[in-house]
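Just so we're clear, the structure is a prediction, and the values are computed from it rather than from any experiment.
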Amino acid sequence: MDIRKMYKDFFHSKGHTIHDSMPLVPDDSSLLFTNAGMVQFKDVFIGKIPTPNPPRATSSQLCIRAGGKHNDLENVGYTARHHTLFEMLGNFSFGDYFKKDAIAYAWEFVTQILGFDKSVLYVTIHESDDEAFELWCKYIEPSRIKRMGDKDNFWQMGDTGPCGPCSEIYVDQGAQYFHSSEDYFGGDGDRFLEIWNLVFMQYEQKDGIRTPLPKPSIDTGMGLERVVALLEGELNNFDTSLFRPIIDEIESLVVWGVGYGLQKDRESSSAQRKKQKLYFTDKELLDNNNLSEDKRKARRATQASFRVIADHARSVAFLLAQGANFDREGRGYVLRRILRRAVRHGYLLGLREPFLYQIIAVVCESMGKTYTYLLERKDIIMEQCKEEEKRFFETIESGMSLFHKELDSIRLHKEQLFNGEVAFKLYDTYGFPLDLTQDMLRAHHIKVDMQSFESCMDKQRNRGKASWKGSGDKIQDANFNSLINNFDKNEFVGYETMNESCQINALLDSDFEQVESLERGQEGWVMLDKTPFYPESGGPIGDRGGLFFVKQSHADDNIKDDRRYEKCADVLDTQKFFDFNLSKILPLQTLSVNQKVFAQVDDARLEIAKHHSATHLLHFALREILGTHITQAGSLVESHRLRFDFSHSKALSSEEIESIESLVNAEVCASNPQICEITDIQTAKAKGAIALFGEKYGQNVRVVCFGDSVELCGGIHVQNTAQIGSFYIVKESGVSSGVRRIEAVCGAAAYRYGKSILQELSMARESLRVQNIIQGIEKLKNQLLECKNRAKRAQQSTTSFDFEEINGVRLIVSQFDNAQSNEIKEAVDNAKNVNDKVAILLLTESKGKVTITAGVKNAQLKAGIWVKEVAKVLGGNGGGQDHFATAGGRDVSKISEALAKAREVARREILQN
């Protein structure tokens, strides 16, 4: 039974437009994740944009509640219904139908489509909602309708905005398994389960006053997981067919040493172990009268670990598949926290090596028919997950040891609180999020000393700050209703031309308020009836240029002649808002609505187009050389460079970089013409066109081809790859776990780059010329011999240094006296050349001063910050780049202390990453 399809088909038959699930990471700076079905319609409900046609919608929306205001993380695994990721079925009316139809649709779907017996259904309404009461009485006995207060049955988006009463549908699960005094309709027990909430948006709240809305609306939400559980007769969402394949996979991995509940026999055969069932549904536990209460509790603890892993595997799989990445802050931090909580529960079940990536494979298989991108990205998200698990497993043993040491101390001294400083150390050094420590303490009925923990956190508060607040806050508050109501989408003509005669349809000030005119020097925005300016999108920055008044007419107004045109505004940027291309301008003269102007795009457009087309070729080359798991994770295209982020688990070798660069240049030299066509999205994908997750594509899409490179793209490109000129990769680096970055140049920038390299070579050759050829040769011989000796000394010095291995990183911290500055640098460079992952810091004493030199390669440690912390011990200062830095100090008596500080800082940074 495909309940998703049944739901959407039902409401489609009632005139609702079916909408796909929007991305879990919303284009909304006020939200961490998409946490409700109405998020994609929020701008409609609050009146920022006009009502769509038809004014009805339905969807099955993936939601995440694991951070920010809506955070269910701590409850997951211990309750029957909480999830970090869940699907919300919803139907919405934007000022169209209201309570009568919403109630009728809900009753019809629940009783006729889903087939629930009317005798098990109950309804709640707001205590003041007599209208809803009268409507429900047509379908259900008044005795089954309960009035509730604001806390339970009144919804509001915030202190201001739309709000209204709710009506909820409940299902009686029966008295057999529910014996609490709260298991009555309206009580806090679990017997009566809410499955559907109907929100009647009928008021506007402002300054504590509610006034009726001119067009009341409907927002509903029905939890898919709850409905499946009820229809399958299960008491717990995790016991349903939605989770059963995942639970089965966990059981197959947990072969012995279960931390809670049953113990599997290590010596038994594989077949016997599979028969030793670890997981029990809620009904099986309740029906088994032979279990003692202690065994029942132990098995419930085992259940919790299974359920945490199953739930979190779904969240990790979907977030990675949709382009999120593990990070130390913001959404990436929440993703990492979810994974680590799952890994910790696997640890309790006896798993001592990465396992969650195997669970994710099952998630992709079981949900990939509905969400096909899970199957498309299965291999890469499994690899990303595995690498992140490896990092956590490397520190989990030490962290667990510290945790249990503190726990034993609490028991010995009969204390009630877990030391907040220890909880912070678990977080800061060993990567245990606070809620993970709290989760581990749950079974021991102990809480963390939060005052002490927060005191430690305050010292490093910047590390914990969320990073999802974007630069578009002002835009989020802007109201584009007037533009949308008064104008059609302005035409973009920039594919064919870089200049155009236009009319000013609208002007907006810097706060996006519509105005009739902009004065000289008053920065604002212009909407032209048609525009050649391309808005920032898909990587390329927005076009710049100028607006001109026409001083005298000409037969061809699209031919720019400085004698006939007077510049009236600089175009500083171009952006897209609600499908309008708006250009940011600085007027040089007064501009007014309805004026005629001539729009001219800056010459930088061609160089941007070259770099954008080169980005397509780079994407193609990456997939050809590294594999089809490569997907775009970010892009920036400017006139002088391109930056391309992509999913890949390890650094590229010099051979791989050379192959990629060569393939791109081969495509450039092939003079492949641009082939562009507009087609439906299914046909485009059938042709192999690459689509980016999260991009909004209509039914008809623009497909851009250069030879074998085929992508969905609405951007500006060259007409032939030969126009790109040449292509150089100038840098390859890591961005975050599982994401790499390539920076490259082409076109005029490539010419400048190549010319600078040739100039450097020319200067090097010139420096070698001497008047006497023989003397020059001898000099070169001596220089070569000296270089060899210095390199040999540097290599010998490096190999003689003591080192330690941390998370695969070779850490070298040592005193290196009697050495020249060039020898010190060569020693650092040599250590970086002979090691894949290394962090080296050398202290050199000379003439009462201390020099600090550090180098870092492929280690999450910044050399500049490292030397700065060490220099403080020596009474000095310094800094530098992330991969190489120097500093100095005067207090030679503290060299030993400085060496110890260097090791402490390095271990801390490497371990926590």
Between Phe598 and Tyr565, how do the two ring planes meet: parallel, tilted or perpendicular, split at 30° and 60°?
tilted
Charged N to carboxylate O under 4.0 angstrom, Asp579 versus Lys489?
no
Is there a donor-acceptor contact under 3.5 Å linking the side chains of Ser733 and Arg740?
no
Short question: side chain of Asp570, backbone of Leu572 - any donor-acceptor pair under 3.5 Å?
no
Counting only pairs under 3.5 Å, give me each side-chain donor-acceptor contact of residues 616-623, with atom names and distances, residues two or more places apart or in other chains.
residue: His619; atom: ND1; partner: Glu711; partner atom: OE2; Å: 3.2
residue: Arg623; atom: NH1; partner: Thr628; partner atom: O; Å: 3.2
residue: Arg623; atom: NH1; partner: Ile630; partner atom: O; Å: 2.8

Inter-residue atom distance Phe727.CZ - His611.NE2, 0.5 Å rounding:
8.5 Å
Taking NZ, NE, NH1 and NH2 as the nitrogens, is one of them in Lys530 or Glu500 under 4.0 Å from a carboxylate oxygen of the other?
yes
Is a salt bridge present between Glu536 and Lys576, judged by a nitrogen-to-oxygen distance below 4.0 Å?
no
Whether the Glu491 and Asn581 side chains hold a donor-acceptor pair (N or O, under 3.5 Å, no angle test) is what I'd like checked.
no
Return the CE to CZ distance between Met498 and Arg605, rounded to the nearest 0.5 Å.
5.5 Å
Glu677 and Lys687 ion-paired at < 4.0 Å
yes
Is the side chain of Ser366 donor-acceptor paired with the backbone N or O of Val363 at a distance under 3.5 Å, no angle test?
yes
If the plane angle is over 60° it's perpendicular, under 30° parallel, otherwise tilted; pick one for His16 and Phe11.
perpendicular
Is Lys650 salt-bridged to Glu387, cutoff N-O under 4.0 Å?
no
Looking just at side-chain N and O atoms, do Thr683 and Asp680 make a donor-acceptor pair shorter than 3.5 Å?
yes
Quick one about Tyr7 and Asn91 (side-chain donor to acceptor, distance below 3.5 Å, no hydrogens or angles considered), yes or no?
yes
Centres of the Phe92 and His19 rings: under 6.0 Å?
no
Polar contact flag, side-chain donor to acceptor under 3.5 angstrom, Glu667-Asn665
no
